[in-house]
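One structure is given below, encoded as structure tokens.
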Amino acid sequence: MLKHNQKIIKVLLADDDPDDRNFFEEAIKQLDFDSKVATVENGKELLEYLETSDMPHIIFLDLNMPILNGLETLKKLKQNQKYNNIAVAIYSTSSANKDIENTLANGANCYIVKPNDFQNLKSTLKYVLSLQWQYHTSNGLDMSNFLISV
């Protein structure tokens, strides 16, 4: 669980679709987690947010965004040691193997194909926010534990 010793789980979502951001925020509100959710519209805003705000525990990162897309943003995050302790969950409508493999190879912690059903979204977010990330990633990632589907 991301909670560990912190009282509040800090979540950052980067997604250019306002409906997807609202859907995501509403799903997290309905979960039994003390959380603070911040949203940005693209990778450039995400990087600016990280420079001026509290570090999140987890970033949900859409792949298809304008200005700085998800893969470009992921690469920038992984190049900066300051962000090494932040879990990055790719959160995309794409289920293409190429996208999944590219994000795994570039250091994402997991890949989530956006559920279009609210209950499935809640279940997926509950699962992801409950993971013990240091154990989830310490045994090495492969497709069986990287692609999350609830």
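Values in this document were obtained by computation on a predicted structure and should not be read as measured data.
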Ring pair (Phe, Tyr, Trp, His ring centres under 6.0 Å) with Tyr83: which residues, sequence neighbours excluded?
none
Ring pair (Phe, Tyr, Trp, His ring centres under 6.0 Å) involving Phe23 - partner list, sequence neighbours excluded
Phe118
Nearest-0.5 Å distance that lies between atom OH in Tyr111 and atom OG in Ser94
4.0 Å
Do the non-hydrogen side-chain atoms of Ile28 and Leu129 ever get within less than 4.5 Å of each other?
yes
Quick check: closest heavy atoms across Gly107 and Leu74, and the distance to 0.1 Å?
C-CD1, 4.2 Å
Is it true that atom CG of Asn84 has more than 12 heavy atoms of other residues, nucleotides or ligands lying nearer than 6.0 Å?
yes
Enter the distance from Ile59:CD1 to Thr73:OG1 here, rounded to the nearest 0.5 Å.
9.0 Å
How long is the span from the CZ atom in Phe60 to the SG atom in Cys110, to the nearest 0.5 Å?
7.0 Å
For residues Ala89 and Ile58, report the shortest heavy-atom separation together with the two atoms involved.
CB-CD1, 4.3 Å
Closest non-hydrogen contact found for Leu50 with Pro56 is CD2-CD, 3.4 Å
Mind checking the CD1-CG spacing from Ile90 to Asp99? Nearest 0.5 Å is all I need.
9.5 Å
Sequence neighbours excluded, which residues qualify as side-chain contact (heavy atoms from CB on, under 4.5 Å) partners of Asp117?
Gln119, Asn120
Kindly compute the distance separating CG (Asn109) from CG (Leu104), expressed to the nearest 0.5 Å.
10.0 Å
What are the two closest heavy atoms between Leu63 and Ser92, and how far apart are they?
CB-OG, 3.8 Å
Name all pairs fulfilling the salt bridge (charged side-chain N to carboxylate O under 4.0 Å, His left out) condition that reach into residues 36-48, sequence neighbours left out, sorted by first residue then second.
Arg21-Glu41, Lys44-Glu48
Might you work through the side chain to side chain contact (heavy atoms under 4.5 Å, CB included) test for Leu77 and Ile86, ending with a clear yes or no?
CA-CA 9 Å; Leu77 288 170; Ile86 303 172; 5.7 Å; no
Is there a side-chain contact between Val11 and Leu125 (heavy atoms, below 4.5 Å)?
no
Could you measure the distance from the CZ atom of Phe24 to the CG atom of Leu13? Nearest 0.5 Å is fine.
5.0 Å
Do side-chain atoms of Thr103 reach the backbone of Ile100 as a donor and acceptor pair under 3.5 angstrom?
yes
Sequence neighbours excluded, the answer for side-chain hydrogen bond (donor to acceptor under 3.5 Å, both in side chains) partners of Thr39 is none
Contact summary for Asn106 and Lys78, nearest pair of heavy atoms:
O-CG, 3.3 Å
Scan residues 49-73 for pairs that pass salt bridge (charged side-chain N to carboxylate O under 4.0 Å, His left out), counting only residues two or more places apart or in two chains.
Glu51-Lys82, Asp62-Lys114
Nearest heavy-atom pair of Asp17 and Asp15: which atoms, and what distance?
N-OD1, 2.9 Å
